[in-house]
Undergrad: 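Here it is, the structure in full.
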Amino acid sequence: MRQCSDEMEASAHFRRYNARMDVSHLLDGLNADQREAVTATDRHLLILAGAGSGKTRVLVHRIAWLTQVVGVPPWGVLAVTFTNKAAREMRSRCDALMPDGTRGMWIGTFHGIAHRLLRQHWQEAGLPESFQILDSDDQLRMVKRIIADLGLDDRRFPPRQAAWFINAHKDEGRRAASIQGGNASTDPFLEIYRAYEAVCQRAGLVDFAELLLRSHELLLREAGLLDHYRRRFGTILIDEFQDTNALQYAFVRVLAGDTGSVLVVGDDDQSIYGWRGARVENVQHFLRDFPQARMIRLERNYRSSANILAAANAVIANNPGRLGKRLWTEDADGEPIDLFAAHDENDEARYAVARVREWIDGGGRAGDCAILYRSNAQSRAFEEALLQAGLPYRVYGGVRFFERAEVKDALAYLRLIANRADDAALERAINTPTRGIGARTLEQVRARAREEAVPLWEAIAREIEARTLASRARQALSGFVDLIERLDASGADLELAPRIDEMLAATGLRAHYANESRGMMDARTDNLDELVTVASRFSRSEEDASMNELAAFLGYAALEAGEGQAESWEDGIQLMTLHSAKGLEFAQVFLGGMEEGLFPAQRSMEEPGRLEEERRLAYVGITRARERLILSWAESRRIHGIDTLGAPSRFLREVPPAVLREVRPRIHLLRPAQVAGGRAMGSSDAAGGFRLGQRVRHAGFGEGTIVDAEGSGAHARVQVNFEEAGAKWLVLAFARLEPMA
DNA sequence: GACAGTCCTGTTTTT
DNA sequence: CAGGACTGTC
């Protein structure tokens with residue numbers, strides 16, 4: 001790296017020369033705005049890229065332009081994405097476009113890059129060389145353990161909330177020590193945070209947020225390192241910038257310093273991760289914090305029909321404080337957007353299936369159809385209907401490969417082999433399969449670990465030494481210790497795959513799961529076998545070559561939860577949540593469950609700012625569709641086992657009637673736009689004490705449920721769906737409605 | 001220590 | 001409804 005600058009200069013000359021001959025292909029097929037973004041000479045750029053506007057294309061071409069024309073060396077480029085999938089795609093598209101390839105370029109997720117920094121500078125970062133990554137599941141167990149150890153009531157201080165507290169603070173860059181105490185309701189959480197930090201440090205464990213927090217601190221603390229990386233990464237590019245949290249933003253600012261050049265690509269209208277710490281404001285702050293940053297809008301959409309874009313534009317226009325952007329296309333209007341009012345979720349699912357059928361009968365591919373929903377629980381009705389219809393489908397989301405219990409059990413042994421201090425792994429492995437080490441024995445070990453502030457592994461050794469335990473327990477513990485030591489020694493010369501294979505046999509894990517399934521074909525033993533296969537295919541990327549193979553594999557398993565494995569999909573209808581649909585597109589999109597309380601979600605209506613995020617989610621959903629979009633809501637739906645009446649989502653009313661076709665109208669959904677003044681009431685801001693979904697009694701019409709509302713004050717009206725009399729609009733001031741329990 | 005039965009509580013997800 | 005946590009029995 002010492003000769004960096006010489007090489008830089010030489011390659012710059014070479015490339016400039018080269019550029020004159022052959023750069024035209026870098027701009028081929030780009031529109032004026034895209035070209036502008038690719039070739040801009042401004043130091044900092046904010047590309048406001050609407051859905052379907054070709055942002056990845058711009059990003060990749062920009063990288064190629066910089067390296068091939070401007071003369072930026074590949075190793076001077078740092079490109080950051082949010083998901084592994086996006087990182088892979090970016091790398092492969094860069095490789096395809098650039099003859100010299102991407103050697104030396106860092107392309108990865110924030111977490112992947114932070115991980116790499118920490119592996120390379122573990123000493124300066126204050127970590128053991130063998131530090132391991134704690135996934136959210138491990139983290140939760142750990143927090144649970146700590147709450148118990150601290151003697152706190154886990155009903156008053158739920159582990160999930162504690163974990164959330166810790167992560168939220170880390171995402172904002174705050175350590176337990178830097179948080180102001182003195183608040184009776186949060187002090188216990190602070191105490192948990194503090195204890196958690198101590199335990200993690202002792203065990204050499206780093207959670208996801210910690211990867212970033214520590215790398216950030218590392219750069220701030222080690223001036224030499226920071227200087228080195230600033231010199232190296234003169235060009236930083238960040239995708240999905242609207243999803244960055246405070247810490248990630250700080251990280252970028254530090255790394256860029258006063259000399260780096262930063263390009264961010266994002267869409268404030270597609271920010272849907274505020275609930276986990278993402279800050280849309282970063283987009284605005286970027287313009288403020290990076291001097292003379294220039295904003296370029298990509299508004300031309302290459303994906304959807306004009307009608308679909310009209311719907312998307314109209315819905316998102318209801319959000320205040322946007323940077324502003326209006327998608328347009330030269331394509332035809334296309335079909336109208338269909339709106340279906342279902343009786344219940346099964347009716348909705350049957351209709352979705354009918355539309356998929358129709359698509360396939362018309363010569364379309366099942367894989368071009370997606371069914372999207374707000375929450376995972378909604379997938380069931382669709383799955384049942386698809387199953388019944390005999391149509392192939394695939395559900396995204398759910399437990400991924402490296403998160404499966406049996407796989408995590410196996411990984412726990414590997415982690416322990418790599419790092420004896422890994423308490424989280426030890427807790428998991430020690431009695432799976434059961435080997436006579438029960439709760440009492442374990443509690444004693446934990447107590448010693450706590451008192452003497454040592455990892456559990458060390459506490460076990462001392463406990464055996466002290467001879468305070470029953471001999472049976474002592475024997476069991478020694479057996480476990482020997483097992484791990486033996487595996488470590490015997491595996492040292494083995495390749496990764498046979499090593500794991502041996503471990504599965506020696507620990508009894510494979511037998512345990514095989515036995516459990518009683519000879520029946522079992523996915524769990526298959527997964528254990530699959531783990532061996534994955535390991536045999538695993539090869540360290542060139543940057544990780546210096547790393548211990550086992551450590552590299554464990555890092556891979558923690559950061560890459562394993563969606564990549566299951567990519568062996570046939571042609572099938574794609575079922576997924578709106579969140580996981582971001583970044584994808586489909587010819588036909590069915591968006592179900594558009595009811596108040598479900599979408600927008602109940603809890604989102606109670607917190608300020610969240611409703612806007614739900615609307616962005618609707619925007620994301622709508623803009624996934626290329627040709628055909630079907631929206632639907634159900635009058636009644638089983639939620640948590642009970643039938644619940646629903647009202648059509650407010651987002652449906654925001655779609656311009658001109659592009660909408662009601663394929664099965666129910667009660668007046670579409671009303672003239674003059675409702676503008678009268679907001680539909682949320683659940684909390686009840687007009688006159690009435691809420692959507694509430695049961696009421698009317699002297700003349702009998703009993704019913706409030707399904708809609710508009711206006712306020714003396715003009716407030718509600719729509720009630722009466723059992724006998726059907727749907728009626730009533731003016732609250734006159735109707736004398738009686739609320740029911 | 002293992003298992004069966006009961007209670008309880010429910011967004012969204014990547015790393 | 002359904003998965004997880006918890007309790008009680010062998």
Side-chain angles (χ1 to χ4, degrees), chain A residues 80-87 108-115 133-141 144 148 154-155 158-160 164 167 170-171 206-213 215 240 243-245 247-248 271-278 345 372-381 384 396-400 402-403 405 431-442 472-473 476 516 555-563 576-583 593 597-607 610 613-614 616-618 620-621 637-644:
Chain A
V80 193
T81 61
F82 271 81
T83 66
N84 292 304
K85 198 172 151 205
T109 62
F110 268 109
H111 292 87
I113 282 158
H115 180 225
I133 299 168
L134 211 57
D135 72 16
S136 21
D137 186 54
D138 298 328
Q139 183 190 41
L140 189 64
R141 285 160 182 267
K144 237 178 243 174
D154 65 357
R155 298 177 63 87
R160 304 197 131 273
W164 185 88
N167 291 332
K170 285 191 178 186
D171 284 344
V206 170
D207 62 43
F208 289 131
E210 182 78 21
L211 285 168
L212 283 157
L213 183 52
S215 320
E240 304 279 15
D243 290 338
T244 48
N245 62 34
L247 182 54
Q248 289 160 338
S271 162
I272 55 174
Y273 287 110
W275 53 274
R276 64 170 200 217
E345 73 274 19
L372 308 180
Y373 34 78
R374 175 68 237 262
S375 73
N376 279 309
Q378 288 170 255
S379 76
R380 175 182 294 195
E384 279 170 8
Y396 284 76
V399 191
R400 283 160 312 170
F402 286 113
E403 290 168 358
N431 211 27
T432 329
T434 51
R435 48 173 70 85
I437 302 174
R440 274 215 349 267
T441 312
L442 213 46
R472 263 235 294 216
E516 196 178 65
Y556 167 78
L559 288 177
E560 178 96 34
E563 195 65 82
M576 67 189 84
T577 61
L578 287 160
H579 281 91
S580 37
K582 191 167 89 160
L598 187 60
F599 186 30
Q602 191 61 51
R603 288 181 61 166
S604 298
M605 299 194 280
E606 290 156 7
E607 259 178 280
R610 287 282 181 260
E613 184 154 309
E614 295 281 313
R616 294 192 288 265
L617 200 50
V620 166
R637 181 180 297 275
R638 264 189 162 235
I639 295 173
H640 305 323
I642 42 172
D643 289 317
T644 320

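Protein chains get the first letters and strands the later ones, always in sequence-line order, with residue 1 at the start of each.
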Undergrad: Write down the partner of B:dT11 under the Watson-Crick or G-U wobble criteria, each distance required to be under 3.5 Å.
TA: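 WC or wobble partner does not exist here.
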Undergrad: Please state how far atom CD1 in A:Ile133 lies from atom C1' in B:dT15, giving the value in whole angstrom units.
TA: 9 Å
Undergrad: Taking any heavy-atom pair under 4.0 Å as a contact, classify A:Glu613: base, sugar-phosphate, or nothing.
TA: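 No contact at all - A:Glu613 keeps every heavy atom at 4.0 Å or more from the nucleic acid.
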Undergrad: NA contact type, A:Ala439, heavy-atom cut-off 4.0 Å: base, sugar-phosphate, or nothing?
TA: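 It contacts sugar-phosphate atoms only.
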Undergrad: Considering just the side-chain nitrogens and oxygens of A:Thr577, establish if one lies under 4.0 Å of OP1 or OP2 belonging to B:dT13.
TA: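 Indeed, a polar side-chain atom of A:Thr577 lies that close.
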Undergrad: Whole-Å distance between C:dC1 P and A:Gln378 CD?
TA: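 Taking CD of A:Gln378 and P of C:dC1, I get 18 Å after rounding.
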Undergrad: May I ask you to verify if any side-chain N or O of A:Lys144 is less than 4.0 angstrom from the OP1 or OP2 atom of C:dA5?
TA: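 Yes, A:Lys144 has a side-chain N/O under 4.0 Å of OP1/OP2 on C:dA5.
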Undergrad: With a 4.0 Å cutoff (strictly under), does any side-chain N or O of A:Asn376 reach OP1 or OP2 of B:dT13?
TA: yes
Undergrad: Separation of A:Asp137 atom CG from B:dT13 atom P, in whole Å?
TA: 16 Å
Undergrad: Give every pair of a protein N or O atom and an N or O atom of nucleotides 2-8 of chain B that lie under 3.5 Å apart, one pair per line with the distance.
TA:
unit_1	atom_1	unit_2	atom_2	d
B:dA2	OP1	A:Thr434	OG1	2.4

Undergrad: Without decimals, in angstroms, what is the distance between A:His579 NE2 and B:dT13 P?
TA: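 Whole-Å distance recorded here is 7 Å.
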Undergrad: Below 4.0 angstrom from OP1 or OP2 of B:dT15, is there any side-chain N or O of A:Asn84?
TA: yes
Undergrad: Pair A:Gln248, A:Asp243 - check side chain to side chain donor-acceptor pair (under 3.5 Å), show working.
TA: CA-CA 9 Å; A:Gln248 289 160 338; A:Asp243 290 338; over 6 Å; no
Undergrad: State whether the side chain of A:Asn431 and the backbone N or O of A:Arg435 hold a donor-acceptor pair below 3.5 Å, judged by distance alone.
TA: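 Yes; judged by distance alone, with no hydrogens or angles, the pair exists.
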Undergrad: Please work out which of the three classes, parallel, tilted or perpendicular, describes the rings of A:His579 and A:Trp275, given edges at 30° and 60°.
TA: perpendicular
Undergrad: Does the base of B:dT14 carry an N or O that pairs as donor and acceptor with the side chain of A:Thr109 under 3.5 Å?
TA: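 Under the 3.5 Å cut-off, the side chain and the base do not form any donor-acceptor pair.
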Undergrad: Can you check side-chain contact (heavy atoms from CB on, under 4.5 Å) on A:Glu345 and A:Arg638, steps first, answer last?
TA: CA-CA 7 Å; A:Glu345 73 274 19; A:Arg638 264 189 162 235; 3.3 Å; yes
Undergrad: In whole Å, what is the span from the CG atom of A:Asp643 to the P atom of C:dC1?
TA: 10 Å
Undergrad: Toward the 5' end of DNA chain B, which comes first, A:Ala558 or A:Thr441, by nearest nucleotide?
TA: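 It is A:Thr441 whose nearest nucleotide is closer to the 5' end.
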Undergrad: Heavy atoms under 4.0 Å, any strand shown: does A:Asn245 hit a base, just sugar-phosphate, or nothing?
TA: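 Contact class for A:Asn245: none.
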Undergrad: Report yes if a side-chain nitrogen or oxygen of A:Arg400 is closer than 4.0 Å to either non-bridging phosphate oxygen (OP1 or OP2) of B:dT15; otherwise report no.
TA: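 Yes, such a contact exists.
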Undergrad: Could you state the atom-to-atom distance from CH2 of A:Trp275 to P of B:dT15 in whole Å?
TA: 12 Å
Undergrad: So A:Leu442, base contact, sugar-phosphate only, or nothing? Heavy-atom distance under 4.0 Å.
TA: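 Answer is nothing: A:Leu442 stays at 4.0 Å or more from every strand.
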Undergrad: Whole Å only: how far is the CZ atom of A:Arg603 from the P atom of B:dT13?
TA: 14 Å
